[in-house]
Amino acid sequence: MVRAWFAQPLTPFLSTLCYQMIKRGGRKKGTMNKTYILGSVVSAMLLAIPLSIQNSYAQNLGDISVQSGHSVSSVKSAVAQSSTVIDRVAIETSGAQNVVDLFKSVANVTVRDTSGIVAKSQVDLGGFGESAAANSVVLVDGRRVNAPDLSGVDWTQIPLDQIERIEIIHGGAAVAYGQGAVGGAINIVTKIPEQGFGVEASVGSYGGVAEKIYTGAGTDKVRLALHASGNKTDGYRQNGQFERYDSGLRGEVDLPAESLLYFSGNHHTDRSGMPGSLTLMQMSANPRQTNTPNDYATATDDFFNVGVQSSLAAIDVDLPVSVRTRSAQAVYGGFAVPSNMRIYETRPKMELNTHIGSIVTHVVVGADLQRTEGDFGGIVAKRVATDMYHLLRFSDETQRLSVVGGFRSVTNQDQLTQTPHASIKNKKLIYNLGINGAHMGYRVALGHSTSVRNPLLDERYNWMTSNWNNTLLNQAGKHFNALMGYENDLFSTQLSWQRADLTDEIYYDPTAFANQNYQSATRHDAMMWQNRINITESLRIAANYTYTQAKFLGGLYSGNEIPGVARQKANLHIDWEVMQGLALGGNVAWTGSSRSISDQANVLAKLPAYTLVDLSAQYHWQGAKLFVNLDNVTNKKYSSYSAYGVNYYPAATFTARAGVGYSF
């Protein structure tokens with residue numbers, strides 16, 4: 001991928017933008033409704049063998065909503081594949097400071113720290129190396145937060161204390177979550193407003209300071225919550241300083257006729273140093289040094305989301321609209337690269353639950369409509385995305401057998417609005433099919449789907465010619481998933497497998513200074529073994545192992561490994577409630593070696609494997625909380641990312657954090 005010229009950021013949101021968004025959605029409502037009704041009838045006729053079901057034993061799952069965190073009802077999954085849910089209890093006992101910390105122990109997820117600041121890390125879902133950010137979809141309450149450019153997802157703008165649960169879907173999930181969900185999807189569901197007050201403060205290594213405050217109030221019909229948080233650190237490396245601040249609100253209002261008005265918004269700002277890469281010799285001598293002491297990035301990111309839910313008999317309707325603005329600037333060697341973006345989005349959805357004889361039927365009909373415009377590192381462009389999707393699930397009364405299916409029409413219209421003017425339109429129909437069976441704790445599932453990843457806006461631009469890269473094609477995928485497992489109250493185990501066969505996979509070619517399509521097909525295989533056992537009510541152990549093989553199927557690099565993908569990853573996690581109020585936790589994560597970025601020929605030195613050990617302790621007494629977190633307790637010196645076999649990005653060694661909190 002072309003290296004992002006800026007970190008992800010934004011500018012303040014305005015109420016007029018929200019008004020414009022509602023106006024835009026209102027104009028198209030009549031046309032959309034006709035299309036949805038017709039589409040749902042057609043899908044019901046065509047999908048005699050439909051969609052599928054999720055399963056995971058890494059956590060206690062429950063239902064997973066397909067799109068919105070506000071959905072009245074939910075579908076267990078959109079595809080027959082493995083899933084992981086990190087619930088509120090797991091978040092609170094983890095001792096994590098940010099969202100990325102939570103992913104360290106999840107199977108099939110690799111976290112790469114490129115700056116010594118975990119919060120700015122790259123999250124690889126499914127083994128895609130350098131292009132990981134473009135091959136997964138991240139949503140907050142169903143609102144897509146992936147940027148349409150190479151800046152990816154800014155994990156720091158998602159305050160951890162406001163998250164109810166995180167749903168991770170492993171494998172191709174583009175039908176349910178949209179284009180780009182090639183390796184999977186991460187749906188973050190925020191808390192429903194609740195009465196109370198909470199405050200927390202902590203200090204840590206490298207001058208780390210963090211604080212957060214929450215307050216909620218309401219009546220029988222109105223609920224409102226406000227939050228604010230921030231953290232600051234000098235960073236492990238020189239010029240590795242980082243600070244961020246967030247403030248926001250979320251509210252709900254009960255309306256007549258089984259309806260609900262909900263709204264949320266957030267203001268985020270951050271500033272981070274960019275210490276850059278080191279040679280292997282420099283890293284061995286002093287991994288904390290930097291060659292770029294004056295490089296930095298700033299970001300401001302704001303959004304406002306509002307929607308109405310309504311239930312009428314067996315039909316649930318969700319009508320959300322949102323507006324987001326981002327303003328970013330990165331400074332490299334004294335040269336500033338600004339970026340400004342505005343996104344208007346609406347995600348209407350209708351769900352129908354009914355019975356056809358003894359068969360339980362669940363139908364979802366919806367659309368994802370998004371308009372993006374702005375200046376992306378000097379490229380003035382806009383994108384209009386128009387997706388329509390239909391999902392259908394049949395199951396028996398006992399939920400032991402389910403067949404599910406669906407399809408999505410993906411349409412993107414990209415325009416380069418500066419001189420020379422250019423326009424590209426892409427349209428693709430994708431589908432999925434699956435079957436899931438469960439009986440007395442046993443579960444099996446099989447699934448098949450297709451996917452598409454459209455080039456990002458700055459991927460389409462050719463910096464050598466200052467024009468669109470007209471030769472860049474959409475990436476297409478065929479996916480296969482299978483799982484089997486067993487679960488009871490004390491023990492669970494699951495073995496799952498996923499395959500993605502891709503054509504025209506998009507990558508960055510450093511010899512051409514442009515994004516290209518691989519000339520041959522590529523294959524991404526992942527096998528996951530996940531286990532959980534409750535030794536006693538107070539002692540719980542979880543372990544997982546992932547084997548990933550990403551390779552070229554032909555061409556010049558036939559049989560070679562795709563760079564940046566570790567073949568093996570294993571994790572062991574222990575939670576122990578020593579006594580009432582006192583809990584201890586430990587995590588051991590091992591990541592195998594991987595090829596250096598841009599080493600498609602597989603001739604450069606590999607990035608070595610590394611093992612990290614983290615410990616945590618928490619003590620609760622009434623509303624008070626004391627906690628201590630120790631990360632990388634063995635003081636391992638390592639790099640989780642390397643490029644060209646000569647550029648290494650040292651990650652932090654031993655780090656400690658302690659704090660106190662109170663809530664009522």
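For this chain, numbers begin at 1 and follow the sequence in order. Keep in mind it's a predicted model, so treat the numbers as computed, not measured.
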- Message: Between R460 and I424, is the side-chain contact (heavy atoms from CB on, under 4.5 Å) condition met? List the steps.
- Response: CA-CA 10 Å; R460 288 198 183 279; I424 297 177; 3.9 Å; yes
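- Note that OG of S642 and CG of D599 are 8.5 Å apart. Values are rounded to the nearest 0.5 Å.
- A cation-pi arrangement is found for K191 relative to Y214, the charged atom lying closer than 6.0 Å to the ring centre and inside a 45° cone about the ring normal.
- Annotation: K625, atom NZ; neighbour count of heavy atoms from other residues, nucleotides and ligands within 6.0 Å is above 12.
- Taking the side chain as every heavy atom from C-beta outward, I379 and L416 approach each other to under 4.5 Å.
- Residues T156 and F242 are in side-chain contact: their nearest non-hydrogen atoms beyond the backbone lie under 4.5 Å apart.
- Here the closest non-hydrogen pair linking S131 and I506 is CB-O, 4.1 Å.
- Side-chain atoms of V123 and V109, non-hydrogen and from C-beta on, do get closer than 4.5 Å to each other.
- Checked by atom type, the side-chain pair N587/D614 shows no donor-acceptor distance below 3.5 Å.
- Here the side chains of R657 and F627 are in contact, with some heavy-atom distance below 4.5 Å.
- Between R342 and Y344, some side-chain heavy-atom pair lies under the 4.5 Å cut-off.
- At a cut-off of 3.5 Å, with distance as the only test, no side-chain donor of Q519 or N517 sits close to an acceptor on the other residue.
- Here the OH-OG1 distance, from Y245 to T269, works out to 9.0 Å after rounding to the nearest 0.5 Å.
- T190 contributes atom OG1, which lies 8.5 Å from atom NE2 of H227 (distance to the nearest 0.5 angstrom).
- Between the side chains of S640 and R112, no donor N or O sits under 3.5 Å from an acceptor N or O.
- For the pair S121 and V100, the tightest heavy-atom approach, listed with the atom from each and the gap, is CB-CG1, 3.9 Å.
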- Quick one: do Y507 and E130 satisfy side-chain contact (heavy atoms from CB on, under 4.5 Å)? Show the steps, please. CA-CA 8 Å; Y507 78 109; E130 186 180 16; over 6 Å; no
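- Residues K212 and E200 are paired through a salt bridge, judged by an N-O separation under 4.0 Å between the basic side chain and the carboxylate.
- Between the side chains of N187 and E167, at least one donor N or O lies within less than 3.5 Å of an accepting N or O.
- Side-chain contact between Q289 and R237 is absent, with no heavy-atom pair separated by less than 4.5 Å.
- Here the OH atom belonging to Y641 is positioned 6.0 Å from the CD atom belonging to Q122, to the nearest 0.5 angstrom.
- Ring centers of W590 and Y545: at least 6.0 Å apart, outside the cut-off.
- Note that NZ of K232 and CD of E211 are 10.0 Å apart. Values are rounded to the nearest 0.5 Å.
- Between L502 and V182 the shortest side-chain heavy-atom distance falls below 4.5 Å.
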- Can you check salt bridge (Lys or Arg N to Asp or Glu O under 4.0 Å) on D246 and R244, steps first, answer last? CA-CA 7 Å; D246 282 270; R244 68 112 191 135; 2.8 Å; yes
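- With a 6.0 Å cutoff to the six-membered ring centre and a 45° limit on the axis angle, R143 counts as a cation-pi contact of F303.
- Ion pairing of D141 with R250 is present here, as a side-chain N (NZ or NE/NH1/NH2) and a carboxylate O approach within less than 4.0 Å.
- Looking only at atom types and distance, the side chain of Q282 has a donor-acceptor partner in the side chain of N291 under 3.5 Å away.
- Considering CG of N469 and OG1 of T471, their distance stands at 4.0 Å, rounded to 0.5 Å.
- Checked options R324, H267, H268; the residue passing with D302 is H267 (criterion: side chain to side chain donor-acceptor pair (under 3.5 Å)).
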- Task: Could you walk me through whether I166 and V189 pass the side-chain contact (heavy atoms from CB on, under 4.5 Å) test, one step at a time?
- Result: CA-CA 6 Å; I166 301 175; V189 181; over 6 Å; no
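- Between R567 and E561 the shortest side-chain heavy-atom distance falls below 4.5 Å.
- Minimum interatomic distance between P148 and L456 (heavy atoms only, all atoms of both residues): O-CB, 3.5 Å.
- For the residue pair E505/H524, the side-chain donor-acceptor check at 3.5 Å is satisfied.
- For NZ of K606, the number of neighbouring non-hydrogen atoms (other residues, nucleotides, ligands) closer than 6.0 Å is greater than 12.
- Counted by atom type alone, Q600 and Y518 present one or more donor-acceptor pairs between their side chains at under 3.5 Å.
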